[in-house]
Amino acid sequence: MHVIDLRSDTLTKPTPEMRRAMAEAEVGDDVFGEDPTVNRLEEMAAGRMGKEAALFVASGTMGNLVSLLAQCGRGDEIILGDQAHTYINEQGGVAALGGIHPRIVPNEPDGTLDLLRVKAAIRSDNDHYPRSRLVTVENTHNLCGGAAITPEYMQALGIVARERGLRLHVDGARIFNAAVALGVDVKSLTADADSVTFCVSKGLGAPVGSLVCGDRAFIAEARRARKVVGGGMRQAGVLAAAAIVALEQMVSRLAEDHANARLLSAGLSELPWVQVEPVPVRTNILYFAVRHDSLDARQVTDLLAERGILMLRLGTNRVRAVTNYHISSSDIEAALAVFRSICS
Ligand SMILES: Cc1ncc(COP(=O)(O)O)c(C=O)c1O
């Protein structure tokens, strides 16, 4: 059976070019700063994000963690959305390992944080309060339908943060999806941020890794934080080589994933028992609710799986589908045909 796996873009396997680059990578000890391929990747990543420097880390979770450890001390507070990956899906690592207090603001459906709520959440100087140190936003926003946050919003948030002396972090695990979907240079999404994490192991298809980007002083601190969480890697050039291919070859093709997600959204929207969650600009993530008289999300995903269509169930009614470079438009048509057969 041909399996069409729409559970996640993290399932993507390295391309033949990546495997070749990995096999041929020049390597050294990266903890000594002597891996030429890692150094090249970090320089490239910094350039793409419009920052002075970058750091190669094992994962998006590690990237967010070291970014926040590098900018906040124990008892400091970060402001973030109630749907943020860092709040929900990173084991509360900033609190557990860094003593950093999370202050939650509800995410708007488009993934943003209401600026008035952010302003209201910033603490005044008072012995009773933690110190507000940093605001973090996610772009694209995973749990908010893969929503792409615009340069205009980032600019406005940057002003709010700077006016109150707060730093700004972007969890840009899928920031290239945002840039491609919005048709903007990725730098326009990072210009206002002090730190950015982006992943090469999601839609970009590399097997491992994320990059943390910012100014040199911040990256020096992030490097220390990476070491204390055990993230100092040695001949990491074998991984960096694939990441370089990802940045060179896999960014512009994300548009295909977005087109396939739109195709899926349009087809699903024709079914009376499926309610697709809307977003202003579709990227590669799509969520829908199951509104069937006799089927819940578990039953639907089980029926789909029996026919080779894999999607991720969240709770009783919510389902996630993520397009990626292994998924073609004919796969989407095939998945929609299975959906229609469930309905009948
Ligand atoms: C928005 C966002 N941030 C961070 C992460 C964490 O990345 P990783 O799984 O590489 O730790 C994810 C993972 O899906 C994510 O969606």
Side-chain angles (χ1 to χ4, degrees), residues 5-14 41 45 49 54-69 78 80-94 96-97 102 107-108 110-113 134-149 154 168-181 186 189-190 193 195-213 222 225-226 229-231 233 236 239-240 242-243 246 250 254 257 261 279 283-287 311-312 314 318 320-324:
D5 196 339
L6 290 155
R7 289 172 301 162
S8 179
D9 51 7
T10 56
L11 299 159
T12 43
K13 296 187 179 152
L41 169 65
M49 295 293 141
L55 181 71
F56 188 42
V57 296
S59 66
T61 300
M62 186 183 280
N64 288 329
L65 179 62
V66 303
S67 294
L68 299 174
L69 290 177
I78 59 168
L80 77 174
D82 65 343
Q83 299 300 309
H85 193 277
T86 299
Y87 182 56
I88 294 183
N89 283 317
E90 295 174 14
Q91 266 193 39
V94 290
L97 305 181
N107 274 108
E108 300 301 309
D110 66 0
T112 62
L113 304 175
L134 177 144
V135 187
T136 170
V137 280
E138 193 171 305
N139 199 6
T140 62
H141 201 296
N142 184 342
L143 280 175
C144 294
I149 314 277
M154 290 308 302
L168 177 55
H169 173 70
V170 177
D171 174 358
R174 297 181 181 80
I175 200 157
F176 285 107
N177 291 87
V180 168
V186 70
L189 301 173
T190 59
S195 58
V196 185
T197 299
F198 74 87
C199 297
V200 289
S201 58
K202 299 191 164 62
L204 300 185
V208 178
S210 296
L211 277 302
V212 173
C213 307
R226 182 184 70 171
V229 296
M233 297 185 281
L239 301 174
M250 301 295 278
L254 292 172
D257 299 344
V279 281
T283 62
N284 68 331
I285 299 181
L286 178 150
Y287 290 87
M311 292 187 178
L312 207 63
L314 293 102
R318 201 174 188 214
R320 184 181 88 167
V322 185
T323 55
N324 62 68

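Order of listing sets the numbers, starting from 1, for every ligand and every atom in it.
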- Nearest heavy atom to atom 2 (C) of ligand 1 wins, so pick from Ala173, Gly146, Ser201, Cys199. Ala173
- Looking at CG of Leu55 and CG of Leu41, how far apart are the two atoms once the value is rounded to the nearest 0.5 Å? 10.0 Å
- Message: For Glu108 and Thr112, which I'm curious about, is there any donor-acceptor pair between the side chains at under 3.5 Å?
- Response: no
- Message: Among all the protein's non-hydrogen atoms, which is closest to atom 10 (O) of ligand 1, and how far away is it?
- Response: Gly60 N, 2.8 Å
- Task: May I ask you to check if ligand 1 and Glu138 share an N or O to N or O distance below 3.5 Å?
- Result: no
- Side-chain touch Met49/Val186, heavy atoms, less than 4.5 angstrom: yes
- Distance from atom 6 (C) of ligand 1 to nearest protein heavy atom, with residue and atom: His85 CE1, 3.4 Å
- Nearest heavy-atom pair of Ala58 and Met233: which atoms, and what distance? N-CE, 4.1 Å
- Short version for Lys202: what comes under 4.0 Å of ligand 1, heavy atoms counted, is side chain
- Note on the structure: Which of Leu68, Val137, Val135, Leu80 passes side-chain contact (heavy atoms from CB on, under 4.5 Å) with His169? Answer is Leu68
- Message: Yes or no: does Met62 have any heavy atom under 4.0 Å from an atom of ligand 1?
- Response: no
- Say whether Asp171, considering both its backbone and side-chain N or O atoms, lies within less than 3.5 Å of an N or O atom on ligand 1. yes
- Query: Judging by distance only, is a nitrogen or oxygen of Thr61 under 3.5 angstrom from one on ligand 1?
  - Reply: yes
- Query: Any side-chain heavy-atom pair from Val170 and Phe198 closer than 4.5 angstrom?
  - Reply: no
- Taking only heavy atoms of Ser59 into account, list the atoms of ligand 1 that are under 4.0 Å away from them. 10 (O), 11 (O)
